[in-house]
Each structure stands twice: as structure tokens, then as C-alpha cells.
Novice: 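Right, I'll just put the structure down here and ask away after.
Computed over heavy atoms, backbone and side chain alike; hydrogens, waters and symmetry mates excluded. Labels below follow one simple rule: chain letters A, B, ... track the order of the sequence lines, proteins then strands, and each chain is numbered from 1.
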Amino acid sequence: SQQGEEDPQALSIQEGENATMNCSYKTSINNLQWYRQNSGRGLVHLILIRSNEREKHSGRLRVTLDTSKKSSSLLITASRAADTASYFCATDAGAAGNKLTFGGGTRVLVKP
Amino acid sequence: ETGVTQSPTHLIKTRGQQVTLRCSSQSGHNTVSWYQQALGQGPQFIFQYYREEENGRGNFPPRFSGLQFPNYSSELNVNALELDDSALYLCASSTPGQGQNSPLHFGNGTRLTVT
């Protein structure tokens with residue numbers, strides 16, 4: 001079963017616009033991570049936010065975490081055509097760590 | 001620093017057959033996890049290996065099994081293949097010695113098609 005559910009399932013924007021996607025999960029977590037996947041390839045880690053953190057930035061990425069609502073958001077600012085990909089949130093809830101539960105992903109298309 | 005490599009990249013098998021997928025972890029990473037990703041869905045955790053022993057398993061039947069070798073490389077074996085086993089199989093390495101908060105480094109996967 002998939003703990004995380006992303007919203008929206010798909011997103012189409014113009015280059016230069018911001019892209020926002022949301023993730024909801026069901027159980028308590030140690031951390032939440034966001035990954036990017038280009039078509040048919042492996043996942044690339046973008047950012048990790050711990051359960052005691054509320055916001056984190058990395059370049060054009062901004063992630064928020066609200067543990068009371070069991071939700072997270074990923075914002076990509078000033079999007080580029082190269083940002084076209086699927087984005088997945090993943091939660092790490094196990095005692096031993098690194099056993100991630102992924103959501104279904106948001107497919108982002110950035111049009112030049 | 002070498003990344004995670006998987007082989008083969010593509011594979012076609014017939015229902016009922018057995019398959020072995022291989023993974024070399026990133027240099028310095030002693031933990032390997034396997035995930036199954038069906039088309040259009042997120043990856044599903046199969047199992048994890050640490051120091052050559054299974055260290056957690058997802059909701060997959062026993063016909064999914066694995067190995068980890070002393071050099072931390074790993075194999076995923078699937079017996080009695082079913083059509084629903086068609087998916088992208090992803091290997092990821094990590095370093096749990098850094099604690100629970102370490103990201104996964106993924107390979108590009110093996111695309112398995114069962115006919």
C-alpha cells in the first residue's frame with residue numbers, strides 16, 4: 001500500500017512559473033523525502049525534511065512539512081523545461097530507517 | 001565515486017520462469033534496498049539487505065528473494081514469474097550508519113516484461 005498520496009496527479013505549466021505539489025500521509029514519520037524521476041529512469045533524491053523541521057530550502061526547491069496535518073508540499077520556483085519529470089514524496093517511518101513508502105507521484109510538464 | 005549500477009537494463013521472460021537481477025551499490029554504501037515500480041505508480045518496497053542479511057521486507061510473497069554479497073552488491077531473484085511482475089525494478093543503496101535520515105541513491109532500474 002502507498003502511504004503518501006500526491007496531489008495533483010499531473011501538472012502542466014509554462015517555463016518560469018512556479019509548480020506546487022502536495023503530499024499527504026497516514027502514520028507518524030521520521031522524515032519525509034522528495035524524489036524526481038525522469039521517464040523510465042531511476043529516482044534522484046531532491047530533499048529530506050525531518051519530522052521536527054517545518055520548512056527546508058534547496059536552490060529553487062522549497063519543502064514544507066505539517067506533521068499535525070500529515071502533509072507536505074514541494075514548491076519549484078521559476079520552473080525550467082528540464083524540470084519536466086515525475087515527483088514523488090516518500091515517508092520513512094520504520095525504526096531502522098530507509099525503508100521508504102512512496103506516493104503515486106505528480107507528473108509535471110514544463111512547457112518552453 | 002561510482003553510482004548504483006543495475007543489470008540487465010531490460011529483460012523479457014515467460015510466465016513461470018525465474019529471473020535474477022543484479023545491483024552494485026554506490027561506493028561506501030553498505031545497505032541495499034529493492035523496489036518494484038509498476039507503470040504509472042510509485043515504487044513499492046520489496047526488501048532491504050544490510051551486512052548480507054535481510055533487514056526488513058515489504059508485502060511481497062516468498063518467491064521474491066535476495067542476496068547481498070561481502071562487497072555489498074546484491075541480487076533480486078523472482079521465481080514462478082507472473083504477468084503482474086512486469087515492472088521496473090529499482091535498486092537503491094544507502095548508509096544507515098549516518099542514522100535514519102540518509103537519502104537513497106537509486107540505479108536506473110531493470111525493466112522486466114513477463115509474457
Novice: Is atom CG of B:Leu83 surrounded by more than 12 heavy atoms (other residues, nucleotides or ligands) closer than 6.0 Å?
Specialist: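 Yes, enclosed.
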Novice: Using a cut-off of 6.0 Å, state whether more than 12 heavy atoms not belonging to A:Arg80 lie near its atom CZ.
Specialist: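 Check fails, neighbour count at 12 or below.
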Novice: Over all heavy atoms of both residues, which pair between A:Phe88 and B:Gly42 is shortest? Give the atoms and the distance, please.
Specialist: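 Nearest heavy atoms, A:Phe88 then B:Gly42: CE2-CA, 3.5 Å.
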Novice: Backbone N or O of B:Ser33 within a donor-acceptor pair of the A:Lys99 side chain at under 3.5 Å?
Specialist: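 Pair absent, no side-chain N/O of A:Lys99 close to backbone of B:Ser33.
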Novice: How about B:Tyr35 and A:Leu43: do any of their side-chain heavy atoms sit closer than 4.5 Å?
Specialist: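 Counting from C-beta outward, B:Tyr35 and A:Leu43 never come under 4.5 Å.
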Novice: Within a reach of under 6.0 Å around CZ of B:Arg15, are more than 12 heavy atoms found that belong to other residues, nucleotides or ligands?
Specialist: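 Open: at most 12 neighbouring heavy atoms sit under 6.0 Å from CZ of B:Arg15.
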Novice: Report which part of A:Gln37 has an atom under 4.5 Å of a heavy atom belonging to chain B: side chain, backbone, both, or neither.
Specialist: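 It is the side chain, since no backbone atom gets that close.
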Novice: Tell me, yes or no, whether the heavy-atom count around A:Gln14 atom CD, taken from other residues, nucleotides or ligands under 6.0 Å, exceeds 12.
Specialist: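 Enclosed: over 12 neighbouring heavy atoms sit under 6.0 Å from CD of A:Gln14.
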Novice: With a 4.5 angstrom heavy-atom cut-off, which part of B:Leu104 approaches chain A: side chain, backbone, both or neither?
Specialist: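 Looking at B:Leu104, backbone and side chain both touch chain A.
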Novice: Locate the shortest heavy-atom distance separating B:Gly40 from A:Arg107; write the atom from each residue and the value.
Specialist: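 Heavy-atom minimum between the residues: O-NH2, 2.7 Å.
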Novice: Tell me, yes or no, whether the heavy-atom count around B:Phe45 atom CZ, taken from other residues, nucleotides or ligands under 6.0 Å, exceeds 12.
Specialist: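 Atom CZ in B:Phe45 is crowded, with more than 12 foreign heavy atoms closer than 6.0 Å.
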Novice: Inspect the surroundings of CG in A:Leu109 and state if more than 12 heavy atoms from other residues, nucleotides or ligands are less than 6.0 Å away.
Specialist: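 Yes, the 6.0 Å shell around CG holds more than 12 heavy atoms from other groups.
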Novice: Side chain from CB out, backbone as N, CA, C, O: work out which of these in B:Gln6 comes under 4.5 Å of a heavy atom of chain A, or both, or neither.
Specialist: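 Neither part, no heavy atoms under 4.5 Å.
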Novice: Just how far is it from atom CZ of A:Arg41 to atom CG of B:Leu90, taken to the nearest 0.5 Å?
Specialist: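 Those atoms lie 11.5 Å apart.
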